[in-house]
Each structure stands twice: as structure tokens, then as C-alpha cells.
Chemist: 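For reference, the structure I am asking about is given below.
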Amino acid sequence: MARVYNFSAGPAVLPEEVLKEAADEMLDYRGTGMSVMEMSHRSKAFETIINEAEADLRELMNIPDNYKVLFLQGGASQQFAMIPMNLMKNRKAAYIVTGQWAKKAFQEAKIYGDAVEVASSADKTFSYIPDCSDLPIPEDADYVYICENNTIYGTKYKTLPNTKGHILVSDVSSCFLSEPVDVTKYGIIYGGVQKNVGPAGVVIVIIREDLITEDVLPGTPTMLRYKIHADAGSLYNTPPAYGIYICGKVFKWLKKQGGLAAMKERNEKKAKILYDFLDESKLFKGTVRKEDRSLMNVPFVTGDADLDAKFVKEAKEAGFENLKGHRTVGGMRASIYNAMPIEGVEKLVEFMREFEKNNGKED
Ligand SMILES: Cc1ncc(COP(=O)(O)O)c(C=O)c1O
């Protein structure tokens, strides 16, 4: 069996320990004689799985009692619609556009009401996070929306925007559980799990209870109402059961690693190896303003598209997979989520050093 170093932006690398455990339990989950894939979501065994997953997530993120945890489907993209449908009481919301995912959420919200772009970093290809200390947020905005870690461009908010008392809604798909967060600062914090937490098919929504109401926009489908899912404990219909089971295993793995503070320390150490190299390299360059660099997604370029392609090809041959940048940006991107071992980044940097020696520009 040969496992590669997988730098995919998502679906992405998962802890090997978790995959092995799932493999061991594939045919007979703890004496039930069946796989979790085959069991009723109303069974005792699955009830334990989902309850433990929620309890472990609450412990990891220190989620207060006045927040609900929902395990939903439809990916992060479904939340782009669900959020305005459930929260736009005044039909107005402020969006900070720091990349493609924020932009997609912004455009979707425009279908339902007056979504206002209050800041953007489009002027420099989303390579920085704008100053969000004093934004022109409309008084009657129902919420302020951000994408906290921009998967494609590799930027991350280091301080949250000043929402001027408005509810903050944050897409954390690509930085989920990568460091501690103060949940009380958010109205909704949500993410698709397929990057840092589990297999595609599950989106986790952590929502303050007072935002869960029956007062939703007319025509909101039953399946897109937070209240329906909250009242049913995420079991209104058949949930993505196997995905939730794997997420639960990842939560336990994270607890074993020492929790989110330990993950942050490890992620900082890991990212520093790559960023330090990019800063000293004469061939490779990081594309993001230094103070806004993500710990999870690291885009870089050589400045020569042919050389970029050669690098991606040779890296693949050497066992470093999925280093090609997003199709809209080009260049390279290394996604180094929680489950990427430090050794993977060290080896990548070694490979980049060697590539530079063989292809470097003369001074
Ligand atoms: C930050 C962010 N938000 C949203 C999405 C969309 O997620 P999904 O494919 O689950 O709808 C992605 C996907 O890559 C993402 O990186």
C-alpha cells in the first residue's frame, strides 16, 4: 500500500488512524453485524454515534449551551441560500467579499434581499484581507457575512470584523477546527467538512438559538429551515450518517492530539516551514500579503506558467499530489490541513529546494 502526500484543497487528507479504524469496523460495527452505512439512523448504535460526535465537537470548540449544532447536507453552498432565507428579517445583509466563495454567497443572498458589499479585496486578486475595523454596515442589516479562510486565495482573517453590533455569520469550511475559536462572537459558524473534518456530504452549522425561528422568508422549503433540523436533533430526515460517523472519529482524534490549542501550535509550525522557504526562495513566491496568510492553504508561483506545470508534474511523480493551483488562479497551492503530517511539508520543501536547484533562475 502506498499512501501519497495529498495536498488537495478538498476533499482532502484525513488522519490515517481514522481511516484504519473505519476500515476495521467496515463489516461489523462493534458487534452490530453491519456497517454504519447499512444501519438505521434511528437505531441505538447511530444515536450513540451522533450524540457522541456532537458532545465531542462541543468540547473541542467550547460551544456554549445556547448554540445548537446541526449536521446537515447540501454542502457549504446550500448555506449560501439557507442563511438569508432564515436570517434576512429586514431583507438586508452586509457581505465582505474576499474571494470566490464569499462572492458566491453574496450573489446568492441577492436573490432574497438587499445584499450589500461593504468591503472587497478583488482589486488585488483577493490576495489580502481588507481593513474591517470601520465598515459602512447598514443600520438595519440582519447580519454581516464573511468567509474566514479563503481556500482558493490562501488568506485568513486574523481579527474578526467590527460588525458594529450586528450578527456575524462565518464560513469556516477550510479552517474548521484548525485553531481555537470564540464561538460567542458568532451568530452562525458553519463549514463543509470535506477539508479538515471528514468526507464530503456533511455541513456542520453552529447557530445561536435565538436565530432559530419560524419567521423565515416566505417560500423557504421545509428542508432549508434551521428550526426543522434543530427541533429534530439533525434527524428530520435521513442524515449523511456515514459521514457523521467519520467526523465523530476525527473529533476523537483531535481530542487525542491535545485539542484545538495543540492543533494551532502544530499548524503554525507546519505552515512556517513552507512560508519560510517561500520567503527565502529565488524561484518560488507566496502570493498573499504576509499578515493575512492562511495556515491551511498556501498558494505560490514561479512566475512562469510552463515552469509551474513542470513542477506540478514532477511533484506528482515524486508522490506529492494535488499541488496544482485552483483553475481560476493558476500556479500552485499546498493545502496543509490538520491531518497533513509535518513530515509531509518538510519533504515538500526538500523537493522544492531540489527543483529550484535544477531549474533556478541565475542571479
Ligand atoms: C470556503 C469555502 N466555502 C464554501 C465551499 C463550497 O463548499 P461545497 O462544495 O461543500 O458546497 C468551499 C469549497 O471548496 C470552500 O472552500
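Along the sequence shown, residues carry numbers from 1. Worth knowing before you read on, the calculation uses all heavy atoms, side chains too, and leaves out hydrogens, waters and symmetry mates. When a ligand or atom number is given, it counts from 1 through the structure's own listing order.
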Chemist: Are E214 and R225 ion-paired here, with the side-chain N under 4.0 Å from a carboxylate O?
Modeler: no
Chemist: Short list, please: which atoms of ligand 1 are under 4.0 Å from a heavy atom of G75?
Modeler: 10 (O), 11 (O)
Chemist: I'd like to check the ring-ring contact (aromatic ring centres under 6.0 Å, His included) partners of Y245; sequence neighbours left out, ordered by chain and number.
Modeler: Y29, Y242
Chemist: Looking only at distance, does N149 have an N or O less than 3.5 Å from an N or O of ligand 1?
Modeler: no
Chemist: Taking 4.0 angstrom as the limit, do D140 and K92 come out as a salt bridge?
Modeler: yes
Chemist: Within 45 degrees of the ring normal and closer than 6.0 Å to the centroid, is that where the cationic atom of K124 sits relative to Y128?
Modeler: yes
Chemist: Under 4.0 Å from ligand 1, counting heavy atoms only, is it the side chain of Q78, its backbone, both or neither?
Modeler: neither
Chemist: Which of parallel (below 30°), tilted (30 to 60°) and perpendicular (above 60°) describes F320 and F351?
Modeler: tilted
Chemist: Is the closest N or O pair between S77 and ligand 1 shorter than 3.5 Å?
Modeler: yes
Chemist: Quick one: do E265 and K269 make a salt bridge, cutoff under 4.0 Å?
Modeler: no
Chemist: By number and element, which atoms of ligand 1 are closer than 4.0 Å to a non-hydrogen atom of K195?
Modeler: 12 (C), 13 (C), 14 (O), 15 (C), 16 (O)
Chemist: In the protein, which heavy atom is nearest to atom 3 (N) of ligand 1, and how far is it?
Modeler: D171 OD2, 2.6 Å
Chemist: What are the atoms of ligand 1, with element, lying closer than 4.0 Å to any heavy atom of T151?
Modeler: 1 (C), 2 (C), 15 (C), 16 (O)
Chemist: How does A200 reach ligand 1, by side chain, by backbone, by both or by neither, if only non-hydrogen atoms under 4.0 Å count?
Modeler: neither
Chemist: Just need the protein heavy atom nearest to atom 7 (O) of ligand 1, so name the residue and atom and give the distance.
Modeler: A76 CB, 3.4 Å
Chemist: Should the pair F80 and Y190 be assigned to parallel (<30°), tilted (30 to 60°) or perpendicular (>60°) ring geometry?
Modeler: perpendicular
Chemist: Which one holds for S173 and ligand 1: side chain close, backbone close, both close, or neither close, with close meaning a heavy atom under 4.0 Å?
Modeler: side chain
Chemist: Before accepting this row, confirm whether a basic side-chain N of the pair K264/E268 lies closer than 4.0 Å to the acidic partner's carboxylate O.
Modeler: yes
Chemist: Do any nitrogen or oxygen atoms of S174 come within less than 3.5 Å of a nitrogen or oxygen of ligand 1?
Modeler: no
Chemist: Do me a favour and list the nearest non-hydrogen protein atom to atom 12 (C) of ligand 1 with residue, atom name and distance?
Modeler: W101 CE2, 3.3 Å
Chemist: For K68, look at atom NZ and say whether over 12 heavy atoms of other residues, nucleotides or ligands are found less than 6.0 Å away.
Modeler: no
Chemist: C147 heavy atoms, cut-off 4.0 Å: which ligand 1 atoms fall inside?
Modeler: 1 (C)
Chemist: Below 4.0 Å, non-hydrogen atoms only: which portion of Q194 touches ligand 1? Side chain, backbone, both or neither.
Modeler: side chain
